[in-house]
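What you see is a predicted model; the values in this text were computed from it and never measured. All values below come from the heavy atoms of this structure, side chains included, with hydrogens, waters and symmetry mates left out.
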Amino acid sequence: MSVVTSIDAEIFRNAFLSGAANLSNKKEIINELNVFPVPDGDTGTNMTLTIMSAAEEVRGLINPTIDDMGKAIASGSLRGARGNSGVILSQLFRGFCKDIKGKKALSTEDLASAFSRAVETAYKAVMKPKEGTILTVAKGISEKAFEIYETTDDITEFLSQVVEYGDEVLSKTPDLLPVLKEAGVVDSGGQGLMEVMRGILLSLLGEDVKAETPEAETVSHPKIDIADMRGSSREDISTADIKYTYCTEFICNLNKPLSDEEVEAFKAYLLTIGDSLVCVNDDEIVKVHVHTNHPGEAFEKALTFGFLTNMKIDNMKEEHSERVLLEMERIKNGSFSLEYKKEDTVEEKASVEKDVAAEPEKDFGFIAVSSGDGLTEVFKGVAVDHVISGGQTMNPSTEDFLNAVKEVNAKTIFLLPNNKNIILAANQAANLSKDKKLLVVPTVSIPQGISAMLSFSLDMDAETNLKNMKEAAQNVKSGEVTFSIRDTSIDGKTIAKDDIMGISDKGIEAVGSDVSEVTKELIRDMTDEDTELVTVYYGADVEDAAAEKLTEELGEEFPDIEFELQNGGQPIYYYLVSVE
């Protein structure tokens, strides 16, 4: 084993890039451990994006000094930070890099001091730190470093002991956090941190890790049997436990530096509208991660300090349910409009646009996203001018919306995305449209989109209609019936691969082996004494006779409720259900 008694800038650079590569190579393993407290993005992916943002800046340095390295790592990781664990990782780097500022080379004592500063910085960034997380592992690393740095000046020996102890602390995280013990996993963020440390140690031993190499997957994991951990495929967490729905992240680029008092006041405000707050002030920018039910309020407050970038909003309740759904095949040709597909020629597209322009301009037009011929006909029947084919497995782009706008000759056009993953693309199209006024109705399901259209009135202005359409969408309960892609336990239900699942707005309501029986159970859970109408849209894999028999049996069971049956023709989902 080679003896390394000091780390200069070049060694530091190679070691950091090796740590980043090792984390990247292990990100899918880390993703499978992601269960705390509920799926909030994929920890491995988020941490990898965070460190790779720093790695990109590091690679761009020519003959760097320790200070150059510190600045690149701190700035790159902060700007690229995603997710709670990613933000915490960036703060560990930030504290570490502040402590080594001015150093020409690093000794074991310097590393111990920097580890301590890193932990202090990260803990300060998290409003309510919890033990059993990446913070606990980082603290264990720091404590071990301070305990042993005087016993050896060999940095490889020093880090070997630190990494071994870090793994030991990681293996004990389930004893500190019940949700980890329940799922039978260690903390995913802590595992990610250890992969960085392991990659750094390997570099100092002369074994630099390169991204995406098969050899990188063979690195041992002392005291941790990851192969026996199923992570998110074993989570027993109900979406009802999620108090705040939206994981909200952004960077505020400051007009001027904020004082400590202003930062504390900003944090205090964010805690009035959410929790899981990580807020970091770095003179020129403020990085925010918060769970809230009102992302817009967080954005508005931040806009008083500067302009926003890197904005990201994830619906944690939907992510939680979607982790047990199929990663379906994308439709071969991608997202396309009904009037012309992407393979149509420029001349054919121009011909369509010319025909549209020849039509008299009307006051209002409508564009909806849908999947399945039957659902397309339903939307056409409620006055939608243009349907973009897409949905859960095929999200239309901003360009798809803008192309569709060219085919609707109206002064004001309402966009109905009908899926939470498509709303941002619709909003972006609305912002980019110069010739037309585009209004986005933030519908998250097909039933919501149909209900919104039915509430539209030509006798009202655009803003009043937009308000009414939003309200109508919120008054509809939506459900869907599909199948599971793996064994899991979620929402208190044990689910086997290929089981049929009935999913409502609240989560997984029914599980079984028979499509019709699961659909009935789902509808029983979704209806109450105030229910008047249930519309059932059956998919491409359901026979007409089976769908008719189902609604007949439901009508007999619920004589006071009106049942309507529509051939939706949608893929993947056996039934879509609307309850009003």
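Considering CE of Met197 and CG of Leu202, their distance stands at 11.5 Å, rounded to 0.5 Å. Taking CD1 of Ile66 as the start and NZ of Lys101 as the end, the distance is 14.0 Å to the nearest 0.5 Å. Interatomic distance, Leu92 CG to Ile73 CD1, rounded to the nearest 0.5 Å: 12.5 Å. Taking CE of Met47 as the reference point, atom CD of Gln191 lies at 9.5 Å (rounded to 0.5 Å). The distance from the CD1 atom of Ile155 to the CD1 atom of Ile11 is 8.0 Å, given to the nearest 0.5 Å. Here the CG-OG1 distance, from Leu177 to Thr133, works out to 7.5 Å after rounding to the nearest 0.5 Å.
Remark: Phe266 engages Phe305 in a ring pair (Phe, Tyr, Trp, His ring centres under 6.0 Å) (not counting sequence neighbours). Here Lys267 pairs with Met127, Val263, Glu264, Leu277, Cys279 under the side chain to side chain contact (heavy atoms under 4.5 Å, CB included) rule; sequence neighbours left out. By the ring pair (Phe, Tyr, Trp, His ring centres under 6.0 Å) test, Phe250 is found to be paired with Phe299, residues two or more places apart in sequence or in another chain being considered. Annotation: side chain to side chain donor-acceptor pair (under 3.5 Å) contacts of Asn14 (sequence neighbours excluded): none. Take Ser107 and apply the side chain to side chain donor-acceptor pair (under 3.5 Å) test, not counting sequence neighbours, and it matches Asp110. Contacts of Glu10 classified as side chain to side chain donor-acceptor pair (under 3.5 Å), with partners at least two apart in sequence or in another chain: none. Not a single side chain to side chain donor-acceptor pair (under 3.5 Å) links Tyr269 to another residue, sequence neighbours left out. Not counting sequence neighbours, the partners of Ser445 by the side chain to side chain contact (heavy atoms under 4.5 Å, CB included) test are Pro447, Gln448, Ser478. Residues satisfying the ring pair (Phe, Tyr, Trp, His ring centres under 6.0 Å) test with Phe12, not counting sequence neighbours, are none.
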Could you give me the CA-CA distance, side-chain angles and deciding distance for Val369 and Asn419, then say whether side chain to side chain contact (heavy atoms under 4.5 Å, CB included) is met?
CA-CA 8 Å; Val369 179; Asn419 185 287; over 6 Å; no

Set out, in order, the CA-CA distance, both residues' side-chain angles and the distance that settles side-chain hydrogen bond (donor to acceptor under 3.5 Å, both in side chains) for Asp153 and Thr108, then state yes or no.
CA-CA 6 Å; Asp153 62 356; Thr108 56; over 6 Å; no

Passes side chain to side chain contact (heavy atoms under 4.5 Å, CB included), Leu193 versus Ile141? Steps please.
CA-CA 10 Å; Leu193 177 60; Ile141 288 172; 4.0 Å; yes

Evaluate the criterion salt bridge (Lys or Arg N to Asp or Glu O under 4.0 Å) for residue pair Glu168 and Lys172; output intermediate values, then yes/no.
CA-CA 7 Å; Glu168 185 177 336; Lys172 295 177 180 177; 3.4 Å; yes

Give the C-alpha distance, both sets of side-chain angles, the deciding distance and a yes or no for side chain to side chain contact (heavy atoms under 4.5 Å, CB included) between Asn281 and Leu254.
CA-CA 10 Å; Asn281 178 34; Leu254 300 174; 3.8 Å; yes

Take Ile134 and Asp187, measure what side chain to side chain contact (heavy atoms under 4.5 Å, CB included) needs, and give me the verdict at the end.
CA-CA 7 Å; Ile134 183 176; Asp187 177 66; 4.2 Å; yes

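Between the side chain of Asp99 and the backbone N or O of Ser116, no donor-acceptor pair lies under 3.5 Å. In this structure a side-chain-to-backbone donor-acceptor pair under 3.5 Å is present from Arg13 to Leu61. Between the side chain of Ser77 and the main chain of Ala74, a donor-acceptor pair closer than 3.5 Å is present. With hydrogens and angles ignored, the 3.5 Å screen pairs no side-chain donor or acceptor of Asn293 with any backbone N or O of Ile273. With Ser53 contributing its side chain and Leu49 its backbone, the two residues share no donor-acceptor pair below 3.5 Å. At distances below 3.5 Å, not a single donor-acceptor pair connects side-chain atoms of Ser142 with backbone N or O atoms of Ala138.
At a threshold of 4.5 Å between non-hydrogen side-chain atoms, the residues Glu195 and Asn25 do not count as touching. Between Ile148 and Thr152, every side-chain heavy-atom pair lies at or beyond the 4.5 Å cut-off. With a 4.5 Å cut-off on side-chain heavy atoms, Ser90 and Lys287 do not count as touching. Considering only heavy atoms from C-beta on, Thr443 comes within 4.5 Å of Pro417 through its side chain. Residues Met194 and Val163 have side chains in contact (heavy-atom distance under 4.5 Å, counting atoms from C-beta outward).
Residue pairs meeting the ring pair (Phe, Tyr, Trp, His ring centres under 6.0 Å) criterion with at least one member in residues 101-129, sequence neighbours excluded: Phe96-Phe115. Contacts classified as side chain to side chain donor-acceptor pair (under 3.5 Å) and involving residues 300-309 (residues at least two apart or in different chains) are given here: Asn253-Thr309. Identified under the salt bridge (Lys or Arg N to Asp or Glu O under 4.0 Å) test for residues 48-71, with sequence neighbours left out: none.
Checking Ser504 against Glu509 by side-chain atom types alone, a donor-acceptor pair falls below 3.5 Å. A donor-acceptor contact closer than 3.5 angstrom links the side chains of Asp208 and Ser203.
Applying the 6.0 Å contact sphere to NZ of Lys103 captures no more than 12 heavy atoms from other residues, nucleotides or ligands. Heavy-atom neighbours of Glu284 CD from other residues, nucleotides or ligands within 6.0 Å: at or below the threshold of 12. More than 12 heavy atoms of other residues, nucleotides or ligands shown are found within 6.0 angstrom of CG on Asn255.
The shortest heavy-atom contact between Gly95 and Thr121 is CA-OG1, 3.3 Å. Nearest heavy atom pair, residue Leu170 against residue Val186, reads O-CG1, 3.5 Å. Scanning both residues, Phe16 and Ala54, for their nearest heavy atoms gives CZ-CB, 3.8 Å. Closest approach of Pro295 to Tyr246, counting heavy atoms only: CG-CB, 3.7 Å. Of all heavy-atom pairs between Pro64 and Met69, the closest is CB-CG, 4.2 Å. Nearest heavy-atom pair across Ile30 and Gly192 is CD1-CA, 3.5 Å.
Between Lys144 and Glu164 there is no salt bridge, since none of the side-chain N atoms of the basic residue sits less than 4.0 Å from a carboxylate O of the acidic one. Remark: Glu120 does not engage Arg117 in a salt bridge, criterion side-chain N to carboxylate O under 4.0 Å.
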